[in-house]
Amino acid sequence: MNSKKIRIAIPNKGRLKEPSLEALARAGIEVLEEDRAYVSRTSDPRFEAIFARANDIPVYVHYGAVDLGITGHDLILERGADVLELLDLEFGNCTLVVAVPEDSQIESVSDVPALARVATGFPNITRSFFENCGKQVEVLEVSGTAELAPKLGLAQIIVDITSTGETLRQNKLRIIGSILESTSRLACNKIAYRTFEKQITELLARMRGGTE
Amino acid sequence: MTAPVARIVTTRMPSAPEPIRLFYVNNVFRYSQSYLKREREFCQAGVELVGCNTPEADAEILALLISSLKQVGLQDVRIDLGHASLLKDLMNAAGLDEQQKVSVQSLLACRDAVGLKKFMEQNSFPSNLRDAFLQLSRCRKLDEVSSISLNGSKYDRVNKQLESLMELQETLADYRIDEIVFFDFSLTKKIEYYTGMVFEASVPNLGLPLGGGGRYDNFIEKFGKLKLPATGFALEIGKLLQALTAQGFELPEATETKVIVASTFREAAVEAVKALREAGVIASLEVTRRSLEKTLEYGKFTETDYVVFVGSSVESPVTVYDIKSNISRNVMLKTFLGELGGQA
């Protein structure tokens, strides 16, 4: 089985792609990106890379379609992926928050009325957060731009990730609670960890050395 | 299926001689809110060895698991094995409270060696205990575990567990399977249920375990008055098929012959279909009153082998259309049945 390459999934765009490539480069893995190929070679013949949507990477790793993947902790939780989070890569910092329009009557999560509509791109985390608070809400799944929901009259409340707070400010939204802090993680398939334990432990040591 | 089996053993088999060896292949049902976790109904094949707690019994279960997977045709099978009571006794010897136990199990399950070290330092674990935990998380072969032992009477139970692991390793060597059984202290799932070894089977081609099991000596008594030790495993058939496919195995196709009988003479057609079915052929009657051409097309799309066009009587030759080759010929129905009999 050692002829098989270890496959890493890297976010294909956005604020996560460059830092991911840098983190791997510091560990000695340069991704040799090719336009047409869906699998890219790297400078380390034992590793190959694929580019994928960060939102899908937890699923790829869970099922072992890739052995390793770089993606946000928030996405790993949202997709319910049962994977090993071997390393906190310390970039892509953001917070998943509950927010309402500035002029809303709602001051805190405990004020949230029963059956309030909450628009979010994180329906699973949102559902279990409100359940744990003992609040019955209607969760509306929207992909991205949850911040528009109150303006459209779609929902009184949103749950969204924020890093600088700029998007919330621009949309005149106020944070009433925070659900979790997230950073990018190196996720690993549990079976792949056993197959490639030596190479993965070595990679971790090099990646840790790089981020210290 | 372990729970229903336990119930049967205590309620229906109270005087069965021990050890009792049972197996099952059955659909089981699970509920999970997460759509990434298992399906709600799937087929499980498993065994239970009830009434005996020895390394020989444990080794037999592991050997049976490995030989079953090899028999199915899987390559590169490996078993990863942890030990629930070793972990429990270590945590008790460390005097951990429930919250701390949960933390330790979680750190082990996440393979967070750095976090585990920090946790043990923050909670003032004695240094020999810290070393034991770290060494155990690094051990990958059962014989490496033999280098670990703790001095002091409060570690009596722990040392007993380590000894039994050693005995298990020796028995596995007798079965010549010790090379593919690995030690994995991070296997900490369901340790309230397991009382000894806990293990999982996997192959490198599939990102999910094929199945697993362990020893659960305190479980069967929950169903009745009998206190019986037990050990066993269960495999998910769906995962076995996925693993086989991932390893390039081609699943054999069904070989039964399928025939459609068409005719403008209903009585003869019904007689022909009966004769074919009695001969063990899967035969269906064309009931739609469409043209022969349309029947032949339907035959192609439904992977039918032959369409038989019958005249006014089954005593006259019928026309047999071979769908795959597009060749048709006239033959007596009896002769055709004879030919199929040879193939069936």
Side-chain angles (χ1 to χ4, degrees), chain A residues 1-7 9 55-69 73 75-88 123-125 127-128 131 139 141 185-201 204-205 207-209 211-212, chain B residues 32-39 74-82 106-118 134 137-141 144 180-189 199-212 236 238-239 242-243 245-248:
Chain A
M1 279 325 301
N2 288 320
S3 51
K4 182 174 172 285
K5 292 195 186 206
I6 301 172
R7 186 174 282 194
N55 189 41
D56 289 337
I57 291 178
V59 178
Y60 290 14
V61 180
H62 173 96
Y63 283 101
V66 300
D67 304 298
L68 295 162
H73 177 64
L75 295 172
I76 293 172
L77 288 182
E78 176 59 28
R79 300 306 301 261
D82 185 11
V83 299
L84 295 169
E85 291 184 45
L86 293 177
L87 194 57
D88 181 344
N124 293 320
I125 296 180
R127 222 170 269 126
S128 72
E131 264 172 35
V139 175
E141 180 175 1
R185 308 288 163 94
L186 179 68
C188 182
N189 175 272
K190 289 183 166 183
I191 306 294
Y193 185 90
R194 293 173 182 156
T195 315
F196 296 115
E197 183 166 8
K198 214 150 152 236
Q199 298 93 314
I200 291 175
T201 328
L204 281 179
M207 289 184 88
R208 276 203 187 95
T211 56
E212 234 112 72
Chain B
S32 171
Q33 290 225 352
S34 165
Y35 79 154
L36 273 196
K37 294 213 167 105
R38 38 190 32 181
E39 312 99 298
L74 287 168
Q75 312 281 338
D76 304 313
V77 170
R78 72 180 270 163
I79 309 293
D80 289 88
L81 181 141
S106 167
L107 289 164
L108 282 170
C110 294
R111 300 191 187 279
D112 186 356
V114 171
L116 181 63
K117 223 172 168 182
K118 228 193 241 167
L134 291 174
S137 8
R138 282 195 288 262
C139 282
R140 285 292 168 263
K141 297 300 294 172
E144 289 166 28
I180 60 175
V181 178
F182 296 86
F183 185 73
D184 187 350
F185 203 45
S186 80
L187 274 172
T188 60
K189 54 172 185 178
F199 55 84
E200 261 181 22
S202 63
V203 290
N205 312 78
L206 191 68
L208 299 162
L210 302 169
E236 289 187 37
K239 299 265 174 12
Q242 284 175 36
T245 311
Q247 289 192 352

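So that the names make sense, note that chain A is the first sequence line, chain B the second, and so on, each numbered from 1.
Taking CG from Leu208(B) and NZ from Lys190(A), the interatomic distance works out to 10.5 Å, rounded to the nearest 0.5 Å. Between the CD1 atom of Ile191(A) and the CG atom of Asp80(B) there is a distance of 7.5 Å, given to the nearest 0.5 Å.
For Lys118(B), the NZ atom is loosely surrounded, since the number of other residues' heavy atoms within 6.0 Å does not exceed 12.
Ranked by heavy-atom pairs under 4.5 Å with chain A, the first of Ser186(B), Ala109(B), Gly207(B), Ser202(B) is Gly207(B). For the set Arg140(B), Glu200(B), Arg111(B), the count of heavy-atom pairs under 4.5 angstrom toward chain A peaks at Arg111(B).
Under the side chain to side chain contact (heavy atoms under 4.5 Å, CB included) criterion, Leu77(A) pairs with His73(A), Ile125(A), Leu180(A), sequence neighbours left out. By the salt bridge (charged side-chain N to carboxylate O under 4.0 Å, His left out) test, Asp112(B) is found to be paired with no residue, residues two or more places apart in sequence or in another chain being considered.
With a threshold of 4.5 angstrom between heavy atoms, Ala246(B) does not approach chain A through any atom at all. Proximity to chain A (any heavy atom under 4.5 Å) is restricted, for Val203(B), to the backbone atoms N, CA, C and O.
With hydrogens and angles disregarded, a donor-acceptor distance shorter than 3.5 Å links the side chain of Arg78(B) to the backbone of Arg194(A).
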